[in-house]
Amino acid sequence: MRVALAALVSVWAVAAQAAIEIQEVTSPGGIEAWLVEEHSIPFTSLEIQIRGGANLDPEGSRGAVNLMTALLEEGSGDMDARAFQEAREGLAASFGFRAYDDSLSISATMLTENREEAVALLRQALAEPRFDEDAIERVRAQVLSGIASDAQDPSTIASRTFMAEAFPDHPYGTSLDGTVESVAALTREDLVQAHRDTLVKDRVYVGAVGDITPDELGRLLDELLGDLPEAGPALPGEVPVALSGETTVVEYPTPQAVAIFGQQGLERDDPDYFAAYVLNHVLGGGGFESRLMNEVREKRGLTYGIGSSLVDRDFADLWLGSVASSNATVGQAMDLVREIWADVAANGVTEEELTAAKTYITGEYPLRFDGNAKIASILVGMQMIGLPPDYVVNRNSYVEAVTMEDIKRVAAELMNPEDLHFVVVGQPEELDGAAPAGTETPAPVAAEPAPAMSTEPAMTE
């Protein structure tokens with residue numbers, strides 16, 4: 001059955017270049033979803049995001065939502081962990097659960113022939129988790145092992161330190177995994193409360209793609225989510241980015257230093273977002289074609305990789321980048337980043353760079369729609385940031401509409417070289433004006449490759 005499902009996914013990946021028609025569906029119980037019907041192959045993918053996620057951890061219980069989420073497939077109803085996994089495998093269904101800073105993700109793929117049984121099993125996991133003590137201790141040990149491993153990773157230490165300095169009084173400033181102390185102290189009651197607070201209907205967003213009709217999807221949603229609580233506790237509020245343009249050094253014995261750099265970003269619904277998106281592609285988001293990669297790696301050989309990205313969170317926005325270089329040369333790389341940042345802020349980009357960026361961004365976009373699960377994730381992301389269904393049709397026109405004047409204006413207004421903040425982990429040489437970090441080794445964030453530094457699922461860009 002697993003082989004058959006994998007083959008069907010491959011077939012859909014080839015067929016997905018056709019135009020996508022998004023239908024807005026409301027279940028009899030009032031649950032809203034977006035649907036793309038595709039009846040050529042008999043399976044359906046669901047992507048469910050519930051706004052909130054790890055930012056709902058109570059003070060002193062950091063890591064509760066993450067640990068709770070990891071336990072959703074470790075037994076529910078009258079099934080222990082082994083029985084649940086055997087039942088899922090017998091249905092050739094795929095379930096995934098993950099906590100992010102701003103949401104909780106539920107992914108599912110199921111064959112049409114046993115969709116009802118798969119939905120019933122998934123509903124059981126969501127509504128009736130057991131939180132058995134043996135499962136709690138087994139998964140807790142896995143989380144603690146991950147925390148210990150991350151504490152030895154320079155990239156994770158750099159990310160963690162940067163976020164702590166950017167958001168000192170907000171959940172964004174600490175790891176959603178929690179610390180050794182906070183995770184060790186979590187009780188079963190903490191997990192039950194995290195489940196109650198997080199899995200709620202009024203924050204649900206659903207994308208569905210595959211062999212299912214609107215009426216069938218409506219009934220499925222009520223069966224799957226109808227037993228969840230209506231609402232949860234209040235979410236955190238907006239948080240300012242507390243960066244000052246300084247450099248922080250975390251001493252760590254490694255031959256290659258890692259530097260995270262960044263400044264304030266802009267909201268996804270800002271009218272200038274597409275100009276900033278194209279601008280970032282030229283600056284550091286375009287791989288080997290980007291300005292940072294060309295200047296820092298290709299011309300001077302100071303790094304194997306460097307990049308930047310716009311990071312949009314529910315309550316704050318950043319423009320981030322990362323570079324790794326030897327301890328002897330990381331200072332040179334950082335100085336060059338500052339120079340490039342200042343030059344682009346003052347002079348914008350070239351016509352050649354702008355044309356190449358728009359060609360790449362528009363040409364690559366259709367390739368994202370190459371499977372049910374990916375399309376379902378895009379549908380959810382669009383809903384969560386308030387985009388209309390016709391965005392998938394119009395998106396490239398927004399990119400094409402970006403002019404050189406837009407780029408110059410946004411670069412001048414948004415890029416702030418004096419506010420570009422660096423965190424360096426290693427034993428860097430010749431860094432002027434760098435401030436040492438605290439004496440305690442910082443707890444890591446969830447392992448996520450820089451420069452994105454985002455623990456959110458891929459949305460639309």
Undergrad: Who passes ring-ring contact (aromatic ring centres under 6.0 Å, His included) against Phe84, sequence neighbours left out?
TA: none
Undergrad: Output yes when a side-chain donor or acceptor of Ser159 lies under 3.5 Å from a complementary backbone atom of Ser155, and no otherwise.
TA: yes
Undergrad: Shortest non-hydrogen contact from Val344 to Ala411?
TA: O-CB, 3.5 Å
Undergrad: With no hydrogens and no angle check, just 3.5 Å: does a side-chain donor-acceptor pair link Ser76 and Glu128?
TA: no
Undergrad: List the steps, then state whether side-chain contact (heavy atoms from CB on, under 4.5 Å) holds for Val392 with Ile22.
TA: CA-CA 9 Å; Val392 296; Ile22 300 173; 4.1 Å; yes
Undergrad: What's the spacing between Ser27 OG and Leu221 CG if we round to 0.5 Å?
TA: 5.5 Å
Undergrad: Working to the nearest 0.5 angstrom, can you tell me the gap between Arg368 CZ and Arg395 CZ?
TA: 5.0 Å
Undergrad: What's the separation between atom CG in Leu243 and atom CH2 in Trp319, rounded to the nearest 0.5 Å?
TA: 14.5 Å
Undergrad: Decide whether Thr174 and Arg62 meet the rule of one side-chain donor and one side-chain acceptor closer than 3.5 Å.
TA: yes
Undergrad: Which of these passes side-chain contact (heavy atoms from CB on, under 4.5 Å) with Val278: Ile407, Val410, Asp406?
TA: Ile407
Undergrad: Below 4.0 angstrom, N of the basic side chain to O of the carboxylate: do Arg219 and Asp215 qualify?
TA: no
Undergrad: Over all heavy atoms of both residues, which pair between Ile50 and Thr198 is shortest? Give the atoms and the distance, please.
TA: CG2-O, 3.2 Å
Undergrad: Would you kindly say whether Gln49 and Glu47 are connected by a side-chain donor-acceptor distance under 3.5 Å?
TA: yes
Undergrad: Can you check whether Leu35 reaches Ile212 side chain to side chain, under 4.5 Å on heavy atoms?
TA: yes
Undergrad: Less than 4.0 Å between a side-chain N and a carboxylate O, is that true for Arg138 and Glu74?
TA: yes
Undergrad: Just by distance, do the side chain of Asp190 and the backbone of Ala64 share a donor-acceptor pair under 3.5 Å?
TA: no
Undergrad: Where do Arg115 and Glu216 land on the side-chain contact (heavy atoms from CB on, under 4.5 Å) test, with the steps shown first?
TA: CA-CA 10 Å; Arg115 187 170 62 212; Glu216 290 170 336; 3.4 Å; yes
Undergrad: From Ser107 OG over to Arg98 CZ, what is the distance, rounded to the nearest 0.5 angstrom?
TA: 10.0 Å
Undergrad: If the threshold is 4.0 Å, N to carboxylate O, is there a salt bridge linking Arg130 and Asp132?
TA: yes
Undergrad: Do Asp211 and Thr44 pair up side chain to side chain, a donor and an acceptor below 3.5 Å, judged on atom types alone?
TA: no
Undergrad: If we count only N and O atoms by modelled type, under 3.5 Å, do the side chains of Asn55 and Asp102 hold a donor and an acceptor together?
TA: yes
Undergrad: Can Glu405 and Arg409 be counted as an ion pair, charged N to O under 4.0 angstrom?
TA: no
Undergrad: Quick one: pull up OG in Ser175 and CG in Asp150 and give me the separation to the nearest 0.5 Å.
TA: 7.5 Å
Undergrad: Judged by modelled atom types alone, do Ser397 and Asn394 share a side-chain donor-acceptor pair under 3.5 Å?
TA: no
Undergrad: Checking Leu46 against Leu217 for the side-chain contact (heavy atoms from CB on, under 4.5 Å) test, could you report, in this order, the C-alpha distance in whole Å, the side-chain angles of both residues, the deciding distance, and whether it holds?
TA: CA-CA 10 Å; Leu46 289 176; Leu217 177 60; 4.1 Å; yes
Undergrad: Minimum heavy-atom separation for Ile361 to Asn396, with atom names?
TA: O-OD1, 4.3 Å
Undergrad: Could you walk me through whether Asn66 and Thr69 pass the side chain to side chain donor-acceptor pair (under 3.5 Å) check?
TA: CA-CA 5 Å; Asn66 179 63; Thr69 305; over 6 Å; no
Undergrad: Assess the side chains of Ser182 and Thr179: does a donor N or O sit below 3.5 Å from an acceptor N or O?
TA: yes
Undergrad: Between Ser149 (side chain) and Ser145 (backbone), is there a donor-acceptor pair under 3.5 Å?
TA: no
Undergrad: Verify side-chain contact (heavy atoms from CB on, under 4.5 Å) between Val200 and Leu228, making sure each step is shown before the conclusion.
TA: CA-CA 6 Å; Val200 295; Leu228 298 182; 6.0 Å; no
Undergrad: Distance alone, cut at 3.5 Å: any donor-acceptor contact between the side chains of Thr213 and Glu37?
TA: no
Undergrad: Do Arg196 and Gln193 get their side chains close enough for a donor-acceptor pair, meaning under 3.5 Å?
TA: no
Undergrad: For salt bridge (charged side-chain N to carboxylate O under 4.0 Å, His left out), just list the numbers for Arg313 and Asp317, CA-CA rounded to whole Å, side-chain angles, deciding distance to a tenth of an Å, and then say yes or no.
TA: CA-CA 6 Å; Arg313 299 279 183 87; Asp317 304 286; over 6 Å; no
Undergrad: Ignoring hydrogens and geometry, is there a side-chain-to-backbone donor-acceptor pair from His195 to Leu72 under 3.5 Å?
TA: no
Undergrad: Would you say the side chains of Glu364 and Thr362 form a donor-acceptor pair under 3.5 Å?
TA: no
Undergrad: Once the angle between the rings of Phe369 and Tyr365 is folded into 0 to 90°, is it parallel (under 30°), tilted (30 to 60°) or perpendicular (over 60°)?
TA: perpendicular
Undergrad: Please check this pair: side chain of Asn416 against backbone of Leu414, looking for a donor-acceptor N/O pair closer than 3.5 Å.
TA: yes
Undergrad: Starting from the C-alpha separation in whole Å, work towards a yes-or-no answer on ring-ring contact (aromatic ring centres under 6.0 Å, His included) for Phe261 and His421.
TA: CA-CA 5 Å; Phe261 54 91; His421 188 88; over 10 Å; no
Undergrad: Is the side chain of Glu116 donor-acceptor paired with the backbone N or O of Leu220 at a distance under 3.5 Å, no angle test?
TA: no
Undergrad: If you look at every heavy atom in Met110 and Val119, which pair is closest and at what distance?
TA: SD-CG2, 3.6 Å
Undergrad: What distance do His281 atom NE2 and Ser308 atom OG have between them, rounded to the nearest 0.5 Å?
TA: 10.0 Å
Undergrad: Can you tell me if Glu32 and Thr26 form a side-chain donor-acceptor pair at under 3.5 Å?
TA: no
Undergrad: Ignoring hydrogens, what is the shortest heavy-atom contact between Ala259 and Phe422? Give both atom names and the distance.
TA: CB-CD2, 4.5 Å
Undergrad: Would you kindly check if the NZ (Lys) or CZ (Arg) of Arg188 is within the cone defined by 45 degrees around the ring axis of Phe131 and under 6.0 Å from the six-membered ring centre?
TA: no
Undergrad: Has the side chain of Asp101 got a donor or acceptor atom that lies under 3.5 Å from a matching backbone atom of Tyr172?
TA: no
Undergrad: My understanding is that only residues two or more places apart in sequence, or in another chain, count here; which of them pass side-chain hydrogen bond (donor to acceptor under 3.5 Å, both in side chains) with Arg51?
TA: Tyr205, Asp314
Undergrad: Check the surroundings of atom OH in Tyr360: do more than 12 heavy atoms from other residues, nucleotides or ligands lie under 6.0 Å from it?
TA: no
Undergrad: Go through Ser40 and Glu38 one step at a time and tell me if the side chain to side chain donor-acceptor pair (under 3.5 Å) criterion holds.
TA: CA-CA 6 Å; Ser40 63; Glu38 174 49 57; 2.2 Å; yes
Undergrad: If every non-hydrogen atom of Pro388 is compared with every non-hydrogen atom of Trp34, which pair is closest and at what distance?
TA: C-CH2, 3.8 Å
Undergrad: Test: salt bridge (Lys or Arg N to Asp or Glu O under 4.0 Å). Region: residues 227-242. Which pairs qualify, not counting sequence neighbours?
TA: Arg123-Asp227, Lys201-Glu230
